[in-house]
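Order of the sequence lines sets the chain letters (A, B, ...), proteins ahead of strands, with each chain counted from 1.
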Amino acid sequence: MEIPKAYDPQSAEEPIYQFWLKKNLFKSVPTQTKKSFTIVIPPPNVTGSLHMGHALNNTLQDAVIRYKKLCGFNTCWVPGTDHGGIATQNVVEKILLSEGKNKNELGREKFLEKMWEWKNESGEQILNQLKKLGCALDWDRTRFTLDALCSRAVNEAFVRLYQKGLIYRGRRLVNWCPRCMTALSDIEVEHEEEIGKLWHIKYPLKNQRTEDRGQGTEKREERREKYTGSGKSKEFKAVHPFRFTLSALRHFILSPLASRQPRATSHEPRATSHQPPSTDFVVVATTRPETMLGDTAVAVHPDDERYKHLIGEKIILPLVEREIPIIADNAVDITFGTGAVKVTPAHDPSDFEIGMRHNLEKIVVIDYDGKMLNAGKYTSQDRYHARKEILKNLQEAGLLLETVEHPHSVGVCYRCSTTIEPLISEQWFLDVKEMSGAAVLASKNRKIKFYPASWEKPYLLWLENLKDWCISRQIWWGHRIPVWYCAKQENRGQRSEVGHQLSVDSCQSPITSHQPLETCPPIVSAEKPEKCPHCGGTDLKQDEDVLDTWFSSALWPFSVFAWPENQRTEDRGQGTENRGQRTEVRGERTENRGQRREKREERREKYTGSGKSKEFKAVHPFRFPLSALRHFILSTLVSDLSYYYPTSVLVTGHEILYLWVARMVQFGIEFMGEVPFREVYIHGIVRDKFGKKMSKSLGNVVDPLDIMKKYGTDALRFAMISSASAGRDIQISEDSFVGARNFANKLYNAARFVLLNLQSVDLENIDIEGEKPDKTDRWLIYELSILLTEIKTNYENYELDKSSRAIYDFTWSKYCDWYIEFSKERLYGDDLSAKKTASKVLVNVLIALLKVLHPIMPFITETLWQSLRESLKGVAIEESIMLSSFPQKTLPSSWRQDSENVNTLIDLISKIRSVREEMRVPSSVVVNLVLKTDKKTLFERIEKDSHYIRKLARVGDITALKVNPTECAYGVVSGIEFFIPLKGLVDIKKEKQRLEQELEGLKKFRSTIQVKLKNENFVKKAPPAEVENTKNKLSDTESKMEKIAENLKYL
RNA sequence: GGGCGUGUAGCUCAGUUGGUUAGAGUACCACGUUGACAUCGUGGGGGUCACAGGUUCGACUCCUGUCACGCCCACCA
């Protein structure tokens, strides 16, 4: 049999994957006999193809799944893709644009057709890439976040949350991306540091100051009261009886208190404090002058001595000539800028809050597309162009004072990096207070464990400070909001389209009350309603908006198992009941599971059973086949949800911890009454070799497919896993793949060695228990048992990097460098039984290595497994390595010895090699070795190993002497002294120098030990074992030195 | 402004609860066609463990501070 000299992943991988598929090895079905181990894939967006981050994420998951399968779990890894909302729509829009089309011309329906075309293409590509990666995904379970099952879940979730009063609609300030033309949630805004400018602008006071002065302070006090707003909040409440934001509530409660507790007075204004404030104007500082057109107040801190007297005065807003008040608000920082803030409630979050407190008008001056609106001559100008114009005009009017460089962070869209515009618009919101509280509790009750644990803190911090979630998006690609409006109240349901201009009026109220007066209320329903339940009208229009893509992602861990169809009422009741009782204790959980299973069986019978179908058939005699089939399918899936949920672990990068993980937990608890996963394994982000994030714009993207093609999938996987240490981002370069590829080849060749050897030995079995082991056999097996315990722990703790490195080291240095070399002596010898023993050890350890490495390098390990299976015809070996089991400790009890012995032998051989090389004895020269010994036993011991020494250190005769010979190279290791006669080979002086140097090094080492031992405190306080240890070191060193010194005499 | 993380050989990184003369891979140098492997073997050079204090008999490891880099969060105009 010919075995190629090098491993060729290209030809090996594809057939192996097909083999797994054919054998149904990825398939999972609920069983009573096995515990489940479940992962739902973080569904990649269908935005094209997979990048390195995906490759890492899925490799890790696959490794975990394969490991757990070897451990005997019923593993289930659910594949799928995400529609990816804005991201995907952007991709398709771009493509259209390159074809000279735009989506508005196409219209919603046609555009969505294009989207689906794209989805099918990209989705397939992604799934294929996952196959190339070797992922053991249960393909029959493939889902898409926008497919019928997931959509059903989304609608159901929406309706339930709405009915609970957690989802509401409101007109509020949101993050708006003028390029994507949609609202975004707070986490979808990224912050970029930018050196901007802080412009100081004069705002002239209204020329009524003299009048005021005459009227004395009384009026001023009155006015101040009015503008600091103690009465305001009540008014606010009265005007908006239905729903107001959380923050408004907070402010309502806090602000009167806050105004009674002025800020620390140490915040005295600097230089300006002594200067009498100008009587003509107030200077405000702003980074966004264009928003001044929408200013409706200037705010100062109530305790700011510079401005106290101006509170309640009026200002004439430059360029606009509108009269606006000076108000006092605690949010103003006395130390920043001039201490006076222009307030633009319609375009700045904190101004919005101030506006709420003071019931300021909210004037919209920037439209959805980023162009100016209601802005006089600036109308329709781009916001940045208008900025320039406004600055120019202010300058001309002499109102622009100074311009200061000002570093600050700018919010940008996470999908297109366009600067976010805070805008007022009508959106759907989800009140998350209760859910986030439950999620926090779950974490604190240890329902979820983080790996590494350090991620729990930021995760909790995030949850604890969560604000309401804006869930509506003004795009087309996504789950349409399941709300319908009756024609009678159509005006309520409309959101302004592109180019629609908001009137000043429509923005006056920050929150729109839902209440129709004589019109029908919106219909919130999981299915499209046939008619309006109020008036019976059939002219219903669905809400134009779609849901945030993360809304459907948050349902993923149970929507993939066909929630809510599979969740029966009793299940839900039980879930809620058990919420508090469920514990981490395995036993209890299993019990629960058992009970649940019973119920499930009952239920299944009920729904699949004859009774149900007949009943169904009777009612719907015509449509029977399809829907009945659907019901049948759904009811068989019933078991899935309870069998697989909660899933075992979620594997993800930290960049979507908040965006996704936190939300899954909240929704999981909300709808399932149980966290969606027990463990969260968080890995780093893939960066290039300079530590930069990979991005298309930087051009540093590495395509995993290229790497797989060039180095093989296993090399890609090994490189990623071995550099993915906990809590760290990973830097990856071409070198890491080369190393991994070489390792694959090394393993392949080790196996090749074993296989070739098997051709000449006939093994009827591979049991080692009855064999007579060589000391090297015992050594290897012992070392293996240490390795196994070590990597088992690593795998369990999701420290796959450690596993991979440990396996690498063992395979390369212990198995290949030493054991294979040791074994050759017996394999090529005449002693058949010795040959058999060595072969068995080789095979056994190789099998163990293949198994433990399989999760990381599935292809090559399966390939070699198959070859072994073929070679070991008479021996029962599982059909696939995937059907085997993780190796137990393989050390027979009688073998527990000799490890030290072999380590000494290794040291001795290494030392001989080292001396040879240092003395530049050519390796072609076979030298003789003389051992100095007067202890017969020592020589005998060495003599037994002499064949190893001869072979591995390239030594000829080995003899023993009692006195030092002359003209020899000398070495001492573990008390064994050896000599290599060098006469005629090399210059003896060199050897003298070499030994003197070695002696020098030892001397230094000795003195550090001596210092330590002379230290009374060390001897007194250090643990005795440590002192003993140090003493031994000293005597070892000293004896070594003596020996070398002694030998020097003979040179 | 807060929080977290990182700083160990030219490069990429290991280093478990404090006790090694600080390791690996790679790169570099030398030697090597020994019947698994040149995608290899053998040997070698290369580090004040960012810096400064402290705790300790003993610090790469623990504490404090400083510097550098990175990330996350935050309404500071």
Side-chain angles (χ1 to χ4, degrees), chain A residues 3 5-7 187 191 198 247 284-288 291 299 331-333 335-338 340-344 348-354 406 408-409 422 454-455 457-458 461-462 465 654-655 657-658 684-685 687 689 691 693 711 715 722-723 725 727-733 735-736 738-739 741-757 801-802 805 808-809 812-813 816-817 820-821 824 828 910 913-918 920-924 951-954 1001-1002 1004-1005 1008-1009 1012 1015-1023 1025-1027 1029-1030 1033 1037:
Chain A
I3 306 173
K5 282 193 159 195
Y7 175 58
I187 7 169
H191 295 275
L198 193 60
S247 41
V284 298
T286 181
T287 53
R288 306 190 51 207
T291 61
V332 178
D333 181 350
T335 61
F336 189 89
T338 60
V341 193
K342 59 190 274 311
V343 182
T344 323
D348 181 277
S350 67
D351 290 5
F352 183 83
E353 303 288 342
I354 296 177
H406 177 60
H408 63 135
S409 76
S454 54
W455 279 106
K457 198 176 158 188
L461 219 80
W462 156 264
N465 296 305
H654 56 71
E655 75 275 16
L657 181 62
Y658 309 134
I685 293 169
R687 298 171 182 281
K689 64 172 165 184
K693 212 167 167 174
Y711 302 101
S722 60
S723 45
S725 51
R728 258 182 110 117
D729 284 350
I730 69 172
Q731 289 193 47
I732 209 126
S733 69
D735 288 350
S736 19
V738 174
R741 191 260 328 254
N742 294 354
F743 176 56
N745 191 245
K746 188 72 180 177
L747 178 73
Y748 170 85
N749 272 292
R752 182 171 182 264
F753 172 79
V754 175
L755 289 167
L756 288 172
N757 169 65
D801 57 315
K802 287 185 184 171
R805 280 193 300 265
Y808 178 101
D809 289 341
W812 205 304
S813 9
C816 293
D817 288 349
I820 285 186
E821 295 307 323
K824 283 175 180 172
Y828 299 147
S910 298
R913 283 168 172 172
S914 166
V915 170
R916 282 185 59 126
E917 294 266 2
E918 273 178 64
R920 307 204 150 277
V921 179
S923 52
S924 55
K951 176 99 188 216
L952 298 185
R954 293 192 62 68
L1002 288 170
K1004 265 188 205 159
F1005 182 46
T1008 62
I1009 304 174
K1012 207 172 185 179
N1015 185 338
E1016 272 180 41
N1017 281 324
F1018 173 71
V1019 182
K1020 245 194 291 184
K1021 294 184 183 174
E1026 184 53 34
V1027 178
N1029 198 358
T1030 311
K1033 250 190 235 171
T1037 309

Nearest-neighbour nucleotide for the [X] side chain, [options] considered:
| X | options | result |
| --- | --- | --- |
| A/Asp735 | B/rC13, B/rU26, B/rC37 | B/rU26 |
| A/Gln731 | B/rA30, B/rA77, B/rU12 | B/rU12 |
| A/Ser725 | B/rC37, B/rA14, B/rU21 | B/rA14 |
| A/Glu917 | B/rC37, B/rC31, B/rG15 | B/rC31 |
| A/Asp809 | B/rA77, B/rA24, B/rU39 | B/rA24 |
| A/Arg687 | B/rU21, B/rG70, B/rC57 | B/rG70 |
| A/Pro1023 | B/rA77, B/rC57, B/rC75 | B/rC57 |
| A/Thr286 | B/rG19, B/rA77, B/rU34 | B/rA77 |
| A/Ile820 | B/rA36, B/rC75, B/rU34 | B/rA36 |
| A/Tyr658 | B/rC57, B/rC76, B/rC73 | B/rC73 |

Does any part of the side chain of [Y], heavy atoms only, come nearer than 4.5 Å to the side chain of [X], both counted from C-beta?
| X | Y | answer |
| --- | --- | --- |
| A/Arg752 | A/Lys5 | yes |
| A/Tyr808 | A/Lys746 | no |
| A/Lys1012 | A/Thr1008 | no |

(request) List the steps, then state whether side chain to side chain contact (heavy atoms under 4.5 Å, CB included) holds for A/Trp462 with A/Ile187. (result) CA-CA 11 Å; A/Trp462 156 264; A/Ile187 7 169; 3.4 Å; yes
Using the [atom1] atom on both, measure [N] against [M] and round to a whole Å.
| N | M | atom1 | answer |
| --- | --- | --- | --- |
| B/rU61 | B/rC49 | C1' | 10 Å |
| B/rA59 | B/rU21 | P | 13 Å |
| B/rG70 | B/rA30 | P | 39 Å |
| B/rA22 | B/rU48 | P | 12 Å |
| B/rG65 | B/rA27 | P | 42 Å |
| B/rG5 | B/rG41 | P | 39 Å |
| B/rU26 | B/rC63 | C1' | 36 Å |
| B/rA9 | B/rA24 | P | 14 Å |

Distance, rounded to the nearest Å, where [X] contributes [atom1] and [N] contributes [atom2]:
| X | N | atom1 | atom2 | answer |
| --- | --- | --- | --- | --- |
| A/Leu657 | B/rC73 | CG | P | 10 Å |
| A/Glu1026 | B/rU17 | CD | P | 17 Å |
| A/Phe1018 | B/rC57 | CZ | P | 12 Å |
| A/His191 | B/rC73 | NE2 | P | 7 Å |
| A/Arg916 | B/rU34 | CZ | C1' | 12 Å |
| A/Leu756 | B/rC37 | CG | C1' | 11 Å |
| A/Tyr748 | B/rU39 | OH | C1' | 12 Å |
| A/Asp801 | B/rG25 | CG | P | 17 Å |

(request) Without swapping roles, check the side chain of A/Asn745 against the backbone of A/Arg741 for a donor-acceptor pair under 3.5 Å. (result) no
(request) Keeping the roles fixed (side chain from A/Arg913, backbone from A/Leu952), state whether a donor-acceptor pair exists under 3.5 Å. (result) yes
Does [X] place a side-chain N or O at less than 4.0 Å from the phosphate oxygens OP1/OP2 of [N]?
| X | N | value |
| --- | --- | --- |
| A/Ser914 | B/rG44 | yes |
| A/Lys824 | B/rU34 | no |
| A/Asn742 | B/rC40 | yes |
| A/Lys5 | B/rA36 | no |
| A/Trp812 | B/rG41 | yes |
| A/Arg728 | B/rA14 | yes |
| A/His406 | B/rA77 | yes |

Has the side chain of [X] got a donor or acceptor atom sitting under 3.5 Å from an opposite partner on the base of [N]?
| X | N | value |
| --- | --- | --- |
| A/Lys1020 | B/rC57 | no |
| A/Glu918 | B/rA30 | no |
| A/Arg741 | B/rU39 | yes |

With both distances under 3.5 Å as the test, what is the Watson-Crick or G-U wobble partner of [N]?
| N | answer |
| --- | --- |
| B/rU21 | none |
| B/rC51 | B/rG65 |
| B/rG41 | B/rC31 |
| B/rC4 | B/rG70 |

(message) Is the ring pair A/Phe743/A/Trp812 parallel, tilted or perpendicular, if the boundaries are 30 and 60 degrees?
(response) parallel
(message) I'd like to check, for A/Tyr828, whether its ring lies over the base of B/rG35 with centroids under 5.5 Å apart and a plane angle smaller than 30°.
(response) yes
(request) By nearest nucleotide on RNA chain B, pick out whichever of A/Val921 and A/Lys457 is the more 5' one. (result) A/Lys457
Remember a base hit wins even if backbone is also touched, and classify [X] as base, sugar-phosphate or nothing at under 4.0 Å, heavy atoms.
| X | result |
| --- | --- |
| A/Lys1004 | nothing |
| A/Lys1021 | base |
| A/Asp817 | sugar-phosphate |
| A/Arg920 | sugar-phosphate |
| A/Thr287 | sugar-phosphate |
| A/Trp455 | nothing |

(message) Under the criterion side chain to side chain contact (heavy atoms under 4.5 Å, CB included), I'd like the reasoning laid out for A/Lys342 against A/Thr291: C-alpha separation, chi angles, the key distance, then a yes or no.
(response) CA-CA 9 Å; A/Lys342 59 190 274 311; A/Thr291 61; 2.7 Å; yes
(request) List the atom of A/Arg288, the atom of A/Pro422, and the distance in Å for their closest heavy-atom pair. (result) NH1-CD, 3.9 Å
(request) State plainly whether the residues A/Arg805 and A/Asp809 are in salt-bridge range, i.e. N to O under 4.0 Å. (result) no
